[in-house]
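Counting starts at 1 for both ligands and their atoms, following the listed order.
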Amino acid sequence: MATDARGRAYVPYSNFRVGACLKASNGAYYMGCNIENAAYSPTVCAERTALYKAVYEGERQFDALAIIWDGENYAVPCGVCRQALAEFCHPAMPVVCANREGEYKIFTMGELLPEAFTAEDMQ
Ligand code: THU
């Protein structure tokens, strides 16, 4: 499903497609692609597109995330996406990171963003 999502990327500036698929704890899947902008900074990554679609639909808990992109390295989320995901995804949640060949490595959220700043830090 992340590969399908990558096919929907809107990337006229980088031509670098990214697709993501987030599995909610109730079993629903939310797909996202990167969506670029002529002003560059409004660009949103595939991971956040998927996350924000899911949160809008009322989801608050997730079991897994898959990401695939056009690069030869494994598709790891950027720093902004790691922080956005940490709001809703527990440290043990697996993130499947695939390269353009479909080869993948699995990390946990905690490995990708150790010592994440969350609501608990504001007690
Ligand atoms: N991008 C993502 O969608 N996810 C990532 O984890 C890294 C970067 C997008 C943003 C932009 O459209 C393109 O990849 C190049 O940075």
Side-chain angles (χ1 to χ4, degrees):
M1 291 172 82
T3 305
D4 281 354
R6 183 180 61 176
R8 299 190 180 213
Y10 175 77
V11 289
Y13 307 104
S14 74
N15 201 32
F16 187 74
R17 302 172 309 156
V18 188
C21 184
L22 193 53
K23 181 174 185 269
S25 297
N26 67 7
Y29 292 90
Y30 295 88
M31 296 154 74
C33 62
N34 50 338
I35 302 169
E36 299 187 340
N37 187 278
Y40 297 175
S41 64
T43 291
V44 64
C45 294
E47 297 91 323
R48 273 174 294 143
T49 302
L51 177 68
Y52 296 159
K53 281 173 64 186
V55 172
Y56 173 79
E57 296 294 342
E59 306 290 0
R60 297 291 186 271
Q61 288 185 317
F62 299 96
D63 284 351
L65 171 67
I67 315 164
I68 187 164
W69 65 20
D70 283 338
E72 64 182 86
N73 292 336
Y74 298 110
V76 288
C78 80
V80 172
C81 288
R82 292 178 200 208
Q83 181 64 35
L85 290 161
E87 184 74 20
F88 299 99
C89 305
H90 56 89
M93 193 192 88
V95 181
V96 180
C97 301
N99 66 13
R100 65 175 167 233
E101 310 297 342
E103 299 157 343
Y104 62 88
K105 241 182 167 172
I106 301 177
F107 299 99
T108 64
M109 272 302 303
E111 287 171 330
L112 293 173
L113 188 61
E115 303 300 327
F117 172 71
T118 65
E120 282 170 28
D121 297 307
M122 292 193 288
Q123 303 301 317

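- Ranking protein heavy atoms by distance to atom 3 (O) of ligand 1, first place goes to Ala46 N, 3.0 Å.
- A donor atom on one side chain and an acceptor atom on the other are not found under 3.5 Å apart for Thr43 and Asn37.
- Among all protein heavy atoms, the one lying closest to atom 9 (C) of ligand 1 is Asn34 ND2, 3.4 Å.
- Residue pairs meeting the side-chain hydrogen bond (donor to acceptor under 3.5 Å, both in side chains) criterion with at least one partner in residues 86-99, sequence neighbours excluded, are Asn99-Glu103.
- Shown here for Ala28 and Asn26, the closest heavy-atom pair between the two residues is N-OD1, 2.9 Å.
- Here the shortest heavy-atom pairing between Ser25 and Asp63 reads OG-OD1, 3.1 Å.
- Distances between N or O atoms of Val76 and those of ligand 1 include at least one value under 3.5 Å.
- The atoms of ligand 1 that sit less than 4.0 Å from any heavy atom of Pro77 are 6 (O).
- When the heavy-atom distances from atom 10 (C) of ligand 1 to Thr43, Thr49, Asn37 are ranked, the shortest goes to Thr43.
- Given atom 5 (C) of ligand 1, the protein heavy atom at minimum distance is Glu47 OE2, 3.5 Å.
- Counting non-hydrogen atoms of other residues, nucleotides and ligands closer than 6.0 Å to CZ of Arg8 gives a total of 12 or fewer.
- Within the listing of ligand 1, atoms 14 (O) sit less than 4.0 angstrom from a heavy atom of Phe16.
- Under the 4.0 angstrom criterion for non-hydrogen atoms, Cys78 is in contact with ligand 1.
- Among the atoms of Val18, none of the N or O lies under 3.5 angstrom from an N or O of ligand 1.
- Enclosure of atom OH in Tyr104 is not indicated, since only 12 or fewer non-hydrogen atoms of other residues, nucleotides or ligands lie within 6.0 angstrom.
- Of the polar atoms of Ser14, none of the N or O atoms is found under 3.5 Å from an N or O of ligand 1, judged by distance alone.
- Remark: ligand 1 and Cys45 share no N or O pair separated by less than 3.5 Å (distance only, no angle test).
- Not a single N or O atom of Trp69, backbone or side chain, sits closer than 3.5 Å to an N or O atom of ligand 1.
- Annotation: Tyr74, atom OH; neighbour count of heavy atoms from other residues, nucleotides and ligands within 6.0 Å is above 12.
- With hydrophobic clusters built from ILVMFWY side chains whose heavy atoms lie under 4.5 angstrom apart, Leu51 shares a cluster with Trp69.
- With ligand atoms numbered from 1 in the order given, ligand 1 contributes 11 (C), 12 (O), 13 (C) to contacts under 4.0 Å with heavy atoms of Glu36.
- Side chain to side chain, Glu57 and Tyr30 fail the donor-acceptor criterion of an N or O pair below 3.5 Å.
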